[in-house]
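Below is one structure, written out as structure tokens; the observations come after it.
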Amino acid sequence: MTLYDNHARSMTLTVVVDNLINIFLPSQGPFTYPQPGRHSSLLGEQGLSLWIEATDAQDRTTRVLYDFGRGEYVVRNNMKLLDIDPATADYMVLSHGHVDHYGGMLRLLDENPISAPLVAHPMAFGTRGIKRADGELAGPWVLERQKVEEALAVTPIVSNEPQNLAPGLFTSGSIAHTSPLDRPFKAAVRQEDDAWVADEFQDDQAIFVNLQGRGVVVMTGCCHAGLFNTLARSQELFPGAPLYALVGGLHWNFLGEKDLDEVIEALAAYNPQWVLATHCTGALAIHKLRVKFGERCPFNTVGLRCNW
Ligand SMILES: [Fe+2]
Ligand SMILES: [Fe+2]
């Protein structure tokens with residue numbers, strides 16, 4: 001299936017929840033940064049949430065909330081301060097079943113009349129944890145499908161297939177894990193039949209927006225499926241389309257200098273116009289991406305708006 005002729009004309013992306021908040025960055029080019037004043041009350045947390053508005057050739061805009069942050073308060077606080085009304089969402093998409101991505105969902109649904117379907121992978125539900133270096137288990141964190149379905153106003157789209165949400169706007173569906181460049185996150189575990197097993201992250205999903213004349217904007221949650229596996233999925237859906245922008249958590253915080261240099265070189269081979277590294281990418285990785293890509297790697301913060 002080739003979907004390359006399916007385009008959006010433009011998009012706006014707003015970082016609603018992220019680990020970092022900075023109200024003193026200068027706006028420039030397509031990037032508008034939050035300003036001192038009202039935006040001084042924006043909050044960062046260990047989590048991610050993106051607000052995506054994609055406009056098609058007929059001037060129709062589709063709004064997607066991609067993930068919900070970790071806590072009950074931050075996503076609601078930040079949406080209010082950024083003048084985003086959650087009730088205007090056409091879709092909600094869950095990147096994967098980690099609490100720093102779904103944690104703010106149920107309270108947000110409880111307080112707002114959101115009639116948008118939730119798109120999630122069937123494996124996103126269940127019990128997850130993280131094996132810490134000291135041998136202790138962090139978690140367990142449980143995402144119950146029944147609880148989520150009860151909270152939603154409409155039936156969710158629970159599928160491992162890509163979903164075409166609007167012209168040029170797709171979820172990735174299941175991503176095959178094949179690239180040797182992608183290192184597994186070995187500390188992650190999930191519960192199966194009352195036993196903790198290695199988490200293979202079959203649920204990890206990206207969002208793609210294919211921008212007319214420019215290429216694909218690839219957005220990731222934690223990118224546990226692996227960046228190069230995710231880019232390969234984008235190429236399956238949009239063969240030959242350039243990578244216009246990469247946005248999201250890359251989970252490169254456990255990579256050393258040598259591995260980081262290798263993956264950043266491999267990413268540079270895609271020649272992206274923009275790399276916006278957020279959330280779990282890691283301080284050293286973000287530093288090295290900035291060195292490699294210069295101003296094509298803008299600084300990230302809660303409240304950043306990208307107009308593409
Ligand atoms: Fe995660
Ligand atoms: Fe995460």
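Atoms within a ligand are numbered from 1 in the order they appear, just like the ligands themselves. Since the structure is predicted, the reported quantities are computational estimates derived from the model, not experimental observations.
Residue His279 is tested with His251, His101, His98 for a ring pair (Phe, Tyr, Trp, His ring centres under 6.0 Å); the sole match is His101. For the pairing with Gln163, the side-chain contact (heavy atoms from CB on, under 4.5 Å) check across Ile207, Leu169, Val93, Ile157 returns one residue only, Ile157.
Put simply, the angle at the Fe ion (ligand 1) from NE2 in His224 to SG in Cys222 is close to 90°, to the nearest 10°.
Salt-bridge formation is detected for the pair Glu236/Arg233: a Lys NZ or Arg NE/NH1/NH2 atom is positioned less than 4.0 Å from an Asp or Glu carboxylate oxygen.
Taking the N/O/S atoms of His96 in turn, the shortest distance to the Fe ion (ligand 1) belongs to NE2. Nearest N/O/S atom of His98 relative to the Fe ion (ligand 1): this is ND1. Nearest N/O/S atom of Asp100 with respect to the Fe ion (ligand 2) is recorded as OD2.
Residue His279 counts as close to the Fe ion (ligand 2), with an N, O or S atom under 2.8 Å.
Residue Trp274 comes nearest to Glu295 through the heavy atom pair CZ3-O, 3.5 Å, listed as atom of the first residue, atom of the second, then distance.
Counting non-hydrogen atoms of other residues, nucleotides and ligands closer than 6.0 Å to CD of Gln146 gives a total of 12 or fewer.
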